[in-house]
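Inspection log for the structure reproduced underneath, given as structure tokens.
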Number of protein chains: 2
Amino acid sequence: MSKKRSDCPISCSLEIWGDKWSLLIIRDLMLKKECTYGEFLKADEKIATNILATRLQNLLDNGIIDKKDHPDNKLKILYFLTQKGIDLIPVIVEINLWGDQYLTIPDDRKKLLEEIKKDKEAFIKRAKAYLSSKK
Amino acid sequence: MSKKRSDCPISCSLEIWGDKWSLLIIRDLMLKKECTYGEFLKADEKIATNILATRLQNLLDNGIIDKKDHPDNKLKILYFLTQKGIDLIPVIVEINLWGDQYLTIPDDRKKLLEEIKKDKEAFIKRAKAYLSSKK
DNA sequence: CTGTATCCTTAGGGATACTG
DNA sequence: CAGTATCCCTAAGGATACAG
């Protein structure tokens with residue numbers, strides 16, 4: 001994505017997925033496990049198609065996501081998280097928990113947050129298992 | 001910082017501190033507890049002074065950091081994390097742990113990472129207590 | 001030392017049309 | 001449906017000078 005500024009793991013991580021869109025793509029894949037191009041476009045934040053294409057390519061290049069043909073419809077392509085992407089779930093979870101303290105949480109996310117708050121480690125373990133499973 | 005794209009806590013969080021520099025400022029304040037303007041400028045990533053000024057202002061506006069006069073030298077100003085900023089430590093910690101799996105960690109950070117990996121919750125608790133303490 | 005100000009360049013992004 | 005391509009604009013960023 002951008003050139004290397006330092007050896008700091010925070011800085012290097014941000015250079016891979018630290019823009020305003022990549023983590024939203026990862027969020028979609030965490031919530032829905034598999035997404036088509038069109039499903040990303042339909043997300044609330046309304047990403048532009050050219051931006052989406054560059055971000056998906058960057059995440060593919062960095063091994064965070066992968067893609068495959070849709071089992072039923074060969075015209076559709078499904079994006080999904082690799083293990084490297086799945087391992088970003090704890091980051092997403094912690095951002096959610098911070099947001100729970102300092103932002104207004106929409107109703108359709110409250111259930112998820114309750115689950116996370118009840119037992120964070122168990123939630124992450126379950127989510128990782130779910131996202132790693134085939135089908 | 002930018003206009004609101006959606007109600008998603010991830011999206012809203014990113015709009016506050018999801019640029020390429022804010023988390024590095026927060027990282028510096030987590031590692032050193034208090035920093036002067038000049039100390040931020042000296043960080044490896046070499047942030048430009050105009051960018052630094054806008055980011056500090058944004059973090060001040062959003063209540064993530066605060067500032068005060070240096071106790072010894074009234075010409076110096078010290079920036080530090082508020083509780084809202086301190087509560088971002090788990091996010092930083094998880095990014096570090098992800099980086100530990102997938103990036104090359106420089107020697108001067110390995111000790112910190114060992115501490116985190118030994119007992120994450122204890123590390124966070126200690127860090128929060130340290131950053132909350134006066135002096 | 002802590003910022004502002006300015007200039008200039010580049011990257012990110014919105015809108016929309018279009019192709020296999 | 002899954003992208004490419006184009007145009008155009010704005011925000012982000014680097015360099016540097018300078019002011020209180």
Side-chain angles (χ1 to χ4, degrees), chain A residues 1-6 8 11-12 14-26 28-29 32 34-62 65-80, chain B residues 1-6 8 11-12 14-26 28-29 32 34-62 65-80:
Chain A
M1 177 135 279
S2 36
K3 60 265 140 271
K4 191 167 184 177
R5 299 179 294 184
S6 78
C8 169
S11 179
C12 297
L14 292 176
E15 275 156 36
I16 297 174
W17 46 261
D19 62 280
K20 295 251 180 189
W21 295 105
S22 295
L23 272 186
L24 299 182
I25 291 172
I26 295 164
D28 287 345
L29 291 175
K32 306 207 286 185
E34 296 172 331
C35 288
T36 63
Y37 194 87
E39 286 174 325
F40 289 122
L41 287 177
K42 270 180 274 176
D44 283 348
E45 292 84 9
K46 297 281 163 288
I47 187 171
T49 172
N50 53 342
I51 309 294
L52 176 59
T54 64
R55 293 312 135 99
L56 288 173
Q57 191 56 55
N58 176 59
L59 291 172
L60 285 165
D61 292 344
N62 281 286
I65 65 174
D66 201 356
K67 61 178 173 177
K68 64 180 179 189
D69 291 336
H70 192 291
D72 307 329
N73 182 344
K74 287 292 191 168
L75 284 177
K76 285 196 175 183
I77 288 176
L78 289 172
Y79 292 89
F80 58 95
Chain B
M1 178 136 279
S2 36
K3 61 262 139 271
K4 191 167 186 178
R5 298 178 295 184
S6 78
C8 169
S11 179
C12 296
L14 291 177
E15 275 156 38
I16 296 173
W17 47 261
D19 63 280
K20 295 252 181 189
W21 295 106
S22 294
L23 272 186
L24 298 182
I25 292 172
I26 294 164
D28 286 345
L29 290 175
K32 305 206 289 186
E34 296 173 332
C35 289
T36 63
Y37 193 87
E39 285 173 326
F40 289 121
L41 287 177
K42 268 180 275 175
D44 283 347
E45 291 85 9
K46 295 282 163 287
I47 187 170
T49 172
N50 53 341
I51 309 294
L52 176 58
T54 64
R55 293 312 135 102
L56 288 174
Q57 191 57 54
N58 176 59
L59 292 172
L60 285 165
D61 292 345
N62 281 285
I65 64 174
D66 200 356
K67 61 179 175 177
K68 64 180 180 190
D69 291 336
H70 192 291
D72 308 329
N73 183 345
K74 288 291 191 167
L75 284 177
K76 285 195 176 184
I77 288 175
L78 289 172
Y79 292 88
F80 58 95

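A, B, ... follow the sequence lines: proteins, then strands. Residue 1 opens every chain.
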Counting any heavy atom closer than 4.0 Å, what does A:Ile51 reach on the DNA or RNA strands: base, sugar-phosphate only, or nothing? base
Choose from C:dG13, C:dG3, D:dG3 the nucleotide whose nearest atom is closest to any side-chain atom of A:Arg55. C:dG13
Given C:dT4, C:dA15, C:dT2, which nucleotide is nearest the side-chain atoms of B:Ala53? C:dT4
Which comes earlier along DNA chain D counting from the 5' end, the contact point of A:Gln57 or that of B:Ile47, where each point is its nearest nucleotide? A:Gln57
Atom CG of B:Leu41 to atom P of D:dA15: distance rounded to whole Å? 13 Å
Return the nearest nucleotide to the side chain of B:Lys76; candidates are C:dC1, D:dG13, D:dA2. C:dC1
Give the C-alpha distance, both sets of side-chain angles, the deciding distance and a yes or no for side-chain contact (heavy atoms from CB on, under 4.5 Å) between A:Leu24 and A:Ile47. CA-CA 10 Å; A:Leu24 299 182; A:Ile47 187 171; over 6 Å; no
Mind running side-chain contact (heavy atoms from CB on, under 4.5 Å) on A:Leu60 and A:Gln57 for me, showing each step along the way? CA-CA 5 Å; A:Leu60 285 165; A:Gln57 191 56 55; 4.3 Å; yes
If you look at every strand shown and take non-hydrogen atoms under 4.0 Å, does A:Tyr79 touch a base, only sugar-phosphate, or nothing? sugar-phosphate
Separation of A:Asp19 atom CG from D:dG13 atom C1', in whole Å? 16 Å
For the side chain of A:Thr36, starting at C-beta, report the closest nucleotide among D:dA2, C:dG3, D:dA15. D:dA2
What's the CG-P distance between A:Leu59 and D:dG3, to the nearest Å? 13 Å
To the nearest Å, give me how far apart NZ (A:Lys68) and C1' (D:dC1) are. 18 Å
With nearest nucleotides of DNA chain C determined for B:Leu56 and A:Lys46 from heavy-atom distances, which residue corresponds to the more 5′ nucleotide? B:Leu56
With side-chain contact (heavy atoms from CB on, under 4.5 Å) as the test, would you mind laying out the steps for A:Glu39 and A:Tyr79 before giving the verdict? CA-CA 10 Å; A:Glu39 286 174 325; A:Tyr79 292 89; over 6 Å; no
Over all strands shown, is B:Asn73 touching base, sugar-phosphate only, or nothing at heavy-atom distances under 4.0 angstrom? nothing
Atom-pair distance (NZ on A:Lys42; P on D:dG3), nearest Å: 14 Å
Distance criterion of 3.5 Å, no angle test: do you see the side chain of B:Asn50 paired donor-to-acceptor with the base of D:dG14? yes
Taking OP1 and OP2 of C:dG12, is either one under 4.0 Å from a side-chain nitrogen or oxygen of A:Trp21? no
note: B:Leu60, atom CG; C:dG3, atom C1'; distance rounded to Å ~ 13 Å
Audit row: A:Leu56, A:Tyr37, side-chain contact (heavy atoms from CB on, under 4.5 Å) steps and yes/no: CA-CA 9 Å; A:Leu56 288 173; A:Tyr37 194 87; 3.7 Å; yes
Could B:Glu34 and B:Lys68 be called an ion pair, given the rule that one side-chain N must be under 4.0 Å from one carboxylate O? yes
Between atom NZ in A:Lys20 and atom P in C:dA11, what is the gap in whole Å? 19 Å
Please give, in whole Å, the distance from C:dC1 P to B:Glu34 CD? 17 Å
Residue mapping more 5' on DNA chain D - nearest nucleotide basis, A:Leu78 or B:Thr49: A:Leu78
